[in-house]
2 protein chains.
Amino acid sequence: MPSPVHSAADLFGIEPSVPSVAGQRFNAKLSRLLIADGAGFATRDVERLEVTLDGVPGDRHEGIARPADSRVPWYPRGTPIRNSRQVTILAPDELMEMARRLGVDEVKPEWIGSNMVLEGVPRLTQLPPGTRLHFPSGAALAVEGENAPCRHAGAAVAAFYPDSEGMDVAFVKAAKGLRGLVAWVERAGEILAGSEVSVRVPAQKLWVR
Amino acid sequence: MPSPVHSAADLFGIEPSVPSVAGQRFNAKLSRLLIADGAGFATRDVERLEVTLDGVPGDRHEGIARPADSRVPWYPRGTPIRNSRQVTILAPDELMEMARRLGVDEVKPEWIGSNMVLEGVPRLTQLPPGTRLHFPSGAALAVEGENAPCRHAGAAVAAFYPDSEGMDVAFVKAAKGLRGLVAWVERAGEILAGSEVSVRVPAQKLWVR
């Protein structure tokens, strides 16, 4: 292998000045814990869940794999892909702003499939992929990323406001950046409503080609 | 639920000015494809792999789960955790710089467990978590993140330079930010050495609490 033709400073020594942030760690509170174990989209409160590497047992999004859907149109519909959307996480302040934008009193987390309501994380939806959430039992989740709002969730909200025509479509825009996160289980264990959550945000550095 | 006490502008309308980058998409080249199917750490070239959601069949890092190790000291050693380190990816320019820092002629990717050598991705090791790599067959990987250099890999390099005392330890520092990525299989399929790879980098926005 030849020696580098550029000096090290050209290649790596002087990095382009890209914005970066060191890793962050803080506590948040799991104010509600929910499961989608009914017929539809909605979730209901539970005191306790025992999550596994497959996700939330009995939940509609349980599975180590899932069939590709319209969220991943680059895969043929139905193709098994690894399930990185096992758990849906929402924040109260973001839901409040979503309601304001929609011109309604409230959007309840259980209407749009929330498994967890997390308090104390500003701009929850923007937490970077790879963030870990650690629970007191040792159970842990890894954040896949932002949950892009879809018309199905919009229709679920609209069902509670029968006079609001077109809200299913309006939701897609109004909920952008506010619809929370999806995550997968990294380590199995018990999760209790009301518990503390240790949030670990990895170091971030913007990558530009 | 009460109305917001702050105006929307306070809460969400005027976002703090945090640096961000839109999603990026470009092609790279898979110049080499390798497997760790021997006794140790090293990999060997293959023309073709059929990856599954478990990873690379027969590879030392195959598995939908893996036992927790020193990389994740917050989990008790041996606890099963979901395996997001199925595939190791390196870049030729970063290996060259690593060799320069170590004062040696070269560091071969097969010495330190590389499954893929990817050309055409500047600062490969810094690609953000959540980046997807799509192969012509439809197979796809999701980037977990930077592969932090460890003494085991350093010892593997040192074995080729018997006169370089302490290189296993020196490697940990010299290879920082240059040791490539680890990734997991999102969609199964065939991967061929020499093929094009479509790289999709998600939108990035620095998150600061």
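As a basis for the values below, the full set of heavy atoms in this structure was taken, side chains included, without hydrogen atoms, waters or symmetry mates. Reminder, nothing fancy here: chain letters follow the sequence lines and each chain counts from 1.
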Quiz item: Is the count of non-hydrogen atoms from other residues, nucleotides or ligands lying under 6.0 Å from R25(B) atom CZ greater than 12?
Solution: no
Exercise. Give, as side chain, backbone, both or neither, the part of Q24(B) having an atom under 4.5 angstrom from any heavy atom of chain A.
Key: side chain
Self-check item: Residue-level interface, residues 56-65 of chain A with chain B, non-hydrogen cut-off under 4.5 Å
Solution: I64(A), A65(A)
Exercise. Among L127(A), V72(A), V21(A), single out the residue with the greatest number of heavy-atom pairs under 4.5 Å to chain B.
Key: L127(A)
Self-check item: Residue among A203(B), A142(B), P76(B) with most heavy-atom pairs under 4.5 Å to chain A
Solution: P76(B)
Self-check item: Among the listed options V143(A), L53(A), V201(A), the residue most often paired with chain B at heavy-atom distances under 4.5 Å
Solution: L53(A)
Quiz item: Okay, side chain of R123(A), backbone of V208(B): is any donor-acceptor separation there less than 3.5 Å?
Solution: yes
Practice problem: For chain A, find its close neighbours in residues 128-137 of chain B: heavy-atom separation under 4.5 Å, sorted by number, or none. | Solution: P128(B), P129(B), R132(B), H134(B)
Practice problem: Just do the side chain to side chain contact (heavy atoms under 4.5 Å, CB included) check on W74(A) and S198(B) with the steps written out, would you? | Solution: CA-CA 12 Å; W74(A) 40 87; S198(B) 171; over 6 Å; no
Quiz item: Considering only heavy atoms, which portion of V185(A) lies under 4.5 Å from any heavy atom of chain B: side chain, backbone, both, or neither?
Solution: backbone
Quiz item: When rounded to the nearest 0.5 angstrom, what distance separates CH2 in W207(A) from CD in Q126(B)?
Solution: 9.5 Å
Quiz prompt | Toward chain B, the part of E146(A) with a non-hydrogen atom under 4.5 Å | solution = neither
Quiz item: Atom CD in Q204(B), atom NZ in K205(A): separation rounded to 0.5 Å?
Solution: 12.0 Å
